[in-house]
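To start, the structure itself, in structure tokens.
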Amino acid sequence: MVELVDAAGASEPRRSNIEPVDPLTFTGMMEQLQEGYVASVAATAGCTMETVDKDYWGADVQLIRPPRSALEEESMVFAQLKSTTTTCPDGSKDFFSYQFTKRKYFDHMVKPRKNNKAILIVMTMSPRQADWTTANHDGLLTRRSCYWAYLEGVQAPSHVQKPTVRIPTKNLLDAKSLNSILDRIDRGESLHE
């Protein structure tokens with residue numbers, strides 16, 4: 001179960017530790033890196049990643065697994081993509097904290113959904129853009145990773161404008177976890193731990 005974290009006192013301004021290649025494109029490049037990561041995971045899992053052009057309802061992409069036959073239904077989950085350079089998750093700990101920049105992003109993730117479920121995917125990345133990827137003859141390594149959380153039903157007091165949630169470190173996003181998420185949705189099981 002994902003928990004809400006009390007972020008009292010978190011309104012102090014943060015000093016930037018960002019080392020961009022180009023300061024004008026840094027945020028866009030964060031999005032591009034995360035979309036590439038999620039698309040690669042989806043491809044490895046036998047799924048497609050479809051970008052949602054109009055993000056009115058808190059979904060940036062939908063991850064779709066094709067049916068086994070034309071008579072079966074495809075499996076799908078919406079995902080809201082967020083990224084951060086302010087944390088480096090420690091796998092020996094149970095969670096790391098992520099703070100939404102706007103209340104509406106949180107609200108889209110926690111609202112009850114009758115049909116299509118939605119997950120939050122948070123990518124942690126180095127504040128030094130030049131360190132995001134490394135290549136050698138064995139392949140391309142993307143530094144840091146994406147983690148997922150299912151927030152439906154989580155509550156935050158209405159006065160909290162930038163809710164902070166705990167993201168389980170065991171919820172590393174890879175092909176196995178994506179297929180597990182879709183299998184659980186197909187069986188009508190909750191994504192809460």
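Computed from heavy atoms alone, side chains included, the values below leave out hydrogens, waters and symmetry copies.
Between Phe26 and Trp132, the ring planes are tilted. Angles from 30° to 60° get that label.
A cation-pi contact, defined as under 6.0 Å to the ring centre and within 45° of the axis, links Lys82 to Tyr105.
With hydrogens and angles disregarded, no donor-acceptor distance shorter than 3.5 Å links the side chain of Ser180 to the backbone of Lys176. Proximity of a side-chain donor or acceptor of Asn136 to a complementary backbone N or O of Gly139 within less than 3.5 Å is detected.
Residues Met123 and Met30 fail the side-chain proximity criterion, which asks for heavy atoms closer than 4.5 Å. Side-chain atoms of Trp57 and Phe78, non-hydrogen and from C-beta on, never get closer than 4.5 Å to each other.
Ser145 approaches Leu172 most closely through the heavy-atom pair CB-CD1, 3.4 Å. Minimum interatomic distance between Phe100 and Lys162 (heavy atoms only, all atoms of both residues): O-CB, 3.2 Å. Nearest heavy atom pair, residue Thr87 against residue Ser97, reads CG2-O, 4.5 Å.
Atoms CD and CZ, from Gln34 and Arg144 in turn, are 13.5 Å apart once rounded to the nearest 0.5 Å.
Taking the six-membered ring for Trp and the full ring otherwise, the centers of Tyr147 and Tyr98 sit at least 6.0 Å from each other.
Shown here is Lys111, whose NZ atom has more than 12 heavy atoms of other residues, nucleotides or ligands within 6.0 Å. At most 12 heavy atoms of other shown residues, nucleotides or ligands fall within 6.0 angstrom of atom CZ in Arg68.
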Run the side-chain donor-acceptor check on residues 58-67: report pairs under 3.5 Å with partners two or more places apart or on a different chain.
unit_1 : atom_1 : unit_2 : atom_2 : d
Asp60  : OD2    : Leu81  : N      : 2.7
Arg65  : NH1    : Asn179 : OD1    : 3.0
Arg65  : NH1    : Asp183 : OD1    : 2.9
Arg65  : NH2    : Ser75  : OG     : 3.4
Arg65  : NH2    : Asp183 : OD1    : 3.0
Arg65  : NH2    : Asp186 : OD2    : 3.0

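Ion pairing of Glu152 with Lys117 is present here, as a side-chain N (NZ or NE/NH1/NH2) and a carboxylate O approach within less than 4.0 Å.
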